[in-house]
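Within every chain, numbering begins at 1; the chains are lettered A, B, ... in the order of the sequence lines, protein sequences first and strands thereafter.
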2 protein chains.
Amino acid sequence: MPDPADKTVLRLREFLPYRLSVLSNTVSRGIADLYDRAFGLSIWQWRVMAVLGENAAITATEIGQFTAMDKVAVSRAVASLLDSGHIAREASLEDGRRALLSLTAKGKDVYEQIVPIALGAERNLVSALSAEEHAQLDGLMEKLARAAAPDRDLW
Amino acid sequence: MPDPADKTVLRLREFLPYRLSVLSNTVSRGIADLYDRAFGLSIWQWRVMAVLGENAAITATEIGQFTAMDKVAVSRAVASLLDSGHIAREASLEDGRRALLSLTAKGKDVYEQIVPIALGAERNLVSALSAEEHAQLDGLMEKLARAAAPDRDLW
DNA sequence: GAAATATAGTTACATATGAAACTATATTAG
DNA sequence: CTAATATAGTTTCATATGTAACTATATTTC
C-alpha cells in the first residue's frame, strides 16, 4: 500500500498548508462578518477586547503576546478602541513607557454581548464533530502548533 | 463532568477559530518564506503555478476556482508570472474573452524544484503526527470545511 | 439582428498591513 | 552621573488587498 509520506506529486487540494489556509480564511471571514455587522468591530479590535475581557489592566505588549498580533496591529486596534470608547488607558506609575488598558463599561457591555455570539459560531463549526472528534481535533491542533512554531512554548 | 458544548466563558487560546487562524498563519508564513527566498514567488503566484502544474491550459477563472482565490488576485498573480516568464498565455479560439494559461519551460523547471520543497514542508509539519493521527486530521478538516462552507460542495 | 444581459478579465481607488524609523522612558555600564 | 543600550508604543512609508467600476467579447431575448 502507498505511504502518503512518500508523495512526490503535489495536489493543491490535498496539501495540508493550503487546506488549513482556506479553512481558516473561510471561518475567520464568517466570524469577522458577525462582529462587524453587530458592532462594527474588526477581528483585531475584537481580539484585543477578548483578551481584556479575560485579563484586566494589561499592557499593549502583553496583548500582543496573548493575541499573536504584532505591536503595530495592537497599537492601531487600541487607538481605535480608545476612540470608540470601548477601552480606557491609564499610565503606569512604575514605568512611564507602559500604559495599562482595560474595558470601559461600554466595552464590557459589548464584550458580554459578543461572547455568546462567538461561542455560538464555534459551536456551529464543531457541531459537525462528535465529542470524541472534537477532543481529537484539540490534540491534533496542539501538536501541529508545536511543530509549526517549536520556539513558542508559551502555549 | 462539564460538557465543552456548554461553555459560557470565552478563552481566546481555546477558541477554535482563533487557534485555526494562528496555526494557519504560522504555517503559511513559514512556507511563503521558503518560496520567496528560493524563487522570489509570493504564495499567490505559487498557487497559480501549482494549479498549472497539475492542469495544463486552463483559464484564469478556473484557476480561481481551484485555488480559492478571487479573480483580482488571480489576475495580478497571472500578470506578474507572465512578466517573469513563468507562464504563457494563449487566446482561446472559441471564446475571445478567455485566455488559456500554462507553464513555460522556465515555469516547469521552477515548479519541479518547488514541489519537493513544498512536500518537505508538509512532511515536516505532519511528522509530529502518527499515520493514524494524520488520517484523522484529514477527516476532521474535511468535516470542518463542510461545516464552514456548506455551499461549496465542489470539494 | 439589434438591444439587453451575462461572462472573462483588468484597472482604479480606497483601505489594510508590515517593516523600519522614530519618540519617550528605563536600565545598564563605566 | 553620564553615555550607551534596551524597551514600550506610535508614526511613516511602501506594498498588498478587496470592492467596485470598467472593457471587451458572448449569449439571450424579442
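Distance alone, capped at 3.5 Å, is enough to place a donor-acceptor pair between the B/Glu54 side chain and the A/Leu12 backbone. Within the 3.5 Å criterion, the main-chain N or O of A/Thr67 finds a donor-acceptor partner in the side chain of B/Tyr18. Proximity of a side-chain donor or acceptor of A/Thr59 to a complementary backbone N or O of A/Ala99 within less than 3.5 Å is not detected. Between the side chain of A/Ser24 and the backbone N or O of A/Leu20 there is no donor-acceptor pair closer than 3.5 Å.
Heavy-atom contacts of chain A under 4.0 Å fall on DNA chain C between two terminal nucleotides, which in 5' to 3' order are C/dT17 to C/dA26.
Toward the 5′ end of DNA chain C lies the nearest nucleotide of B/Arg98, the other residue of the pair A/Leu93 and B/Arg98 mapping further downstream. For A/Gly96 and B/Val78, each mapped to the nucleotide of DNA chain C holding its nearest heavy atom, the one lying further toward the 5' end belongs to B/Val78.
In this structure, B/Arg146 pairs ionically with B/Glu142, as a charged nitrogen and a carboxylate oxygen lie closer than 4.0 Å.
A/Ser42 comes within contact range of no nucleotide atom at all, as no heavy-atom separation falls under 4.0 Å.
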Base contacts versus sugar-phosphate-only contacts with protein, heavy atoms under 4.0 Å: please encode nucleotides 16-22 of chain D as B, S and - from 5' to 3'. -BBBB--
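Of the N and O atoms on the side chains of A/Arg47 and B/Ser21, at least one donor lies less than 3.5 Å from an acceptor on the other residue.
Contact of the B/Thr61 side chain with the B/Lys71 side chain is not registered, since no non-hydrogen atoms from C-beta on lie closer than 4.5 Å.
Closest approach of B/Ala77 and B/Met69 over heavy atoms only: CB-CE, 4.3 Å.
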